[in-house]
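Working notes, beginning with the structure itself.
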Amino acid sequence: MRKSKITSITILLLLILMIANLVQAQELTIYNIPSPVALNWKSPQKIFFSFFISQFTKSPYGKQKHPVGHAVVELKDSSRFSLIGITAISELNMVDKVFRQGYGMGVMFSMFKGKLEEADINAGDIQERCKNGDLAFIRYQISQELFDRLWQYREQYQQNGFDKLYNGLNRPREGLGASCSTFAMSFLELGGLDSILPDNEWKINVLIPDKLIGGPPGGNKRIQFFKIFFSNRWANEKKENYRKWELYDPSKIYTWINRQYENKASWKNIQYTTIGKANGLVIDCRHMPSPTQEIWLLREN
């Protein structure tokens, strides 16, 4: 009788542990990789100067040095796993459009050929960076319903060929291009997770003067690259025409996560963790309902 009772209790405990593991199995993780040299967004002159330095700076990560930083999305439940990031096929093509084709800052709004890198490339990169602390991450524990929604988006994004569109207008849910960071953040937006943490320190918001925008985005006018290097301010919205440009900077997210980790701020439902030397935040969002709006947004233009 006693043996039977012990066996029943053991089985019950095992079932409880199995259920607990299943409940915690659904995760969305955003890995943020800083650029080799911090990008300076104070003016057109400073951003291009810092970009070119970062572009040609040697890195211990070889081809995976990510001159403008990088963001990788991990989706994982009990039976599915994906580790993906959007990149440009050729970053030097962007440089060529500025120096030889006269795009100027029109390059910021231009579409480039992109590709979706998966676990065969990203896993090793993340593993090496975690050893050195050259990466920071945010992990969201989510419901199965929300995971299914994000997985559907991930699959349809590739099926529609949107993974081949890098940069552009950076509106991935409209199929109008995405950088690595806007692609990663679109998962937070789609899941209703984007308001959990204050992202004002992650975003870049600048007003680019029309006089610096060349190529197709600027009516095919040609901008000599030296004009950018002598432009020490963004547009004055009251005195000149401009285009607004917004983007998430992986380096800023990396810095912000490390600051939170060091300060151990008392955020609700947030835990602090590490992978090797890489700092991370873990947020319990399993109680949050999955949004019901359409996955894809109508194109505004």
Side-chain angles (χ1 to χ4, degrees), residues 34-57 65-71 86-114 164-172 174-186 199-253 299-301:
S35 53
V37 173
L39 301 182
N40 188 329
W41 296 94
K42 291 183 178 179
S43 69
Q45 175 193 72
K46 291 184 182 300
I47 183 55
F48 269 84
F49 187 66
S50 59
F51 166 75
F52 288 123
I53 293 176
S54 188
Q55 176 71 48
F56 296 106
T57 294
K65 72 176 182 177
H66 307 299
V68 296
H70 195 40
I86 297 287
T87 66
I89 288 179
S90 173
E91 290 167 342
L92 289 177
N93 190 23
M94 301 180 190
V95 177
D96 182 71
K97 288 189 181 300
V98 174
F99 278 96
R100 298 181 58 191
Q101 299 183 42
Y103 274 48
M105 299 209 73
V107 73
M108 311 289 265
F109 305 99
S110 298
M111 192 80 77
F112 296 92
K113 292 181 179 179
K164 295 177 174 61
L165 307 176
Y166 183 81
N167 198 50
L169 296 181
N170 278 297
R171 301 209 298 258
E174 297 172 53
L176 295 174
S179 67
C180 62
S181 59
T182 51
F183 175 66
M185 293 303 153
S186 69
D199 63 1
N200 56 305
E201 293 187 49
W202 307 355
K203 285 184 178 179
I204 302 299
N205 293 282
V206 295
L207 306 180
I208 301 179
D210 277 1
K211 64 183 179 182
L212 296 181
I213 302 175
N220 291 313
K221 63 178 179 286
R222 189 176 181 86
I223 307 297
Q224 297 298 326
F225 73 87
F226 65 81
K227 289 185 178 180
I228 299 173
F229 286 101
F230 287 103
S231 298
N232 57 11
R233 63 173 180 81
W234 297 109
N236 184 326
E237 59 184 327
K238 296 181 179 180
K239 296 183 179 180
E240 58 188 319
N241 295 326
Y242 63 87
R243 287 187 66 174
K244 188 174 183 179
W245 192 78
E246 297 181 343
L247 200 72
Y248 291 93
D249 186 340
S251 296
K252 286 185 175 292
I253 304 174
R299 296 186 177 188
E300 295 181 7
N301 53 36

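Just so it is clear, the values below take in all heavy atoms, side chains as well, and ignore hydrogens, waters and symmetry mates.
- Between F49 and F229, the ring planes are perpendicular. Angles over 60° get that label, and only those under 30° would be called parallel.
- Here the NZ-OG1 distance, from K113 to T87, works out to 14.0 Å after rounding to the nearest 0.5 Å.
- The CG atom of L247 lies 7.5 Å from the CG atom of N167; values are rounded to the nearest 0.5 Å.
- Taking the six-membered ring for Trp, F225 and F52 have ring centres at least 6.0 Å apart.
- Of the possible polar contacts, one joining the S251 side chain to the S35 backbone as a donor-acceptor pair under 3.5 Å is found.
- A distance of 9.5 Å separates CG in N40 from CD in Q45, rounded to the nearest 0.5 Å.
- When side chains are defined from C-beta on, S231 does not count as touching M105, because their heavy atoms never get closer than 4.5 Å.
- Distance alone, capped at 3.5 Å, is enough to place a donor-acceptor pair between the K65 side chain and the Q55 backbone.
- Considering only heavy atoms from C-beta on, I213 stays 4.5 Å or farther from Y242 through its side chain.
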_Intermediate values then yes/no, side-chain contact (heavy atoms from CB on, under 4.5 Å), V107 and F48_ = CA-CA 11 Å; V107 73; F48 269 84; 4.0 Å; yes
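- Residues K252 and I204 form a side-chain contact, since some pair of their non-hydrogen atoms from C-beta on lies under 4.5 Å apart.
- Looking only at side-chain heavy atoms (C-beta outward), S54 and P36 come within less than 4.5 Å of each other.
- The closest side-chain heavy-atom distance from M185 to I253 is below 4.5 Å.
- Closest approach of G69 to P250, counting heavy atoms only: C-CG, 4.0 Å.
- Rounded to the nearest 0.5 Å, atoms CD (E91) and CZ (F112) are 10.5 Å apart.
- Inter-residue side-chain proximity for P217 and S110 is flagged as met; some heavy-atom pair is nearer than 4.5 Å.
- Between the side chain of K221 and the backbone N or O of G218 there is at least one donor-acceptor pair closer than 3.5 Å.
- When all heavy atoms of I208 and A235 are compared, the closest pair comes out as C-CB, 4.2 Å.
- S181 approaches A71 most closely through the heavy-atom pair CA-CB, 4.0 Å.
- Taking the ring centroids of W234 and W245, they lie at or beyond the 6.0 Å cut-off.
- Rounding to the nearest 0.5 angstrom, the gap separating the CD1 atom in I47 from the CD1 atom in I228 is 11.0 Å.
- Pairing each heavy atom of G177 with each of M111, the nearest pair is CA-SD, 3.9 Å.
- Judged by distance alone, with hydrogens and angles left aside, the side-chain atoms of R299 form a donor-acceptor pair with the main-chain N or O of G175 at under 3.5 Å.
- Shortest non-hydrogen contact noted between K203 and N205 is CB-ND2, 3.8 Å.
- Considering every non-hydrogen atom in both V206 and W41, the closest pair reads CG1-O, 4.3 Å.
- For the atom pair CG of D96 and OH of Y103, the computed distance is 9.5 Å after rounding to the nearest 0.5 Å.
- Without hydrogens or angle criteria, K46 side chain to N232 main chain gives no donor-acceptor distance under 3.5 Å.
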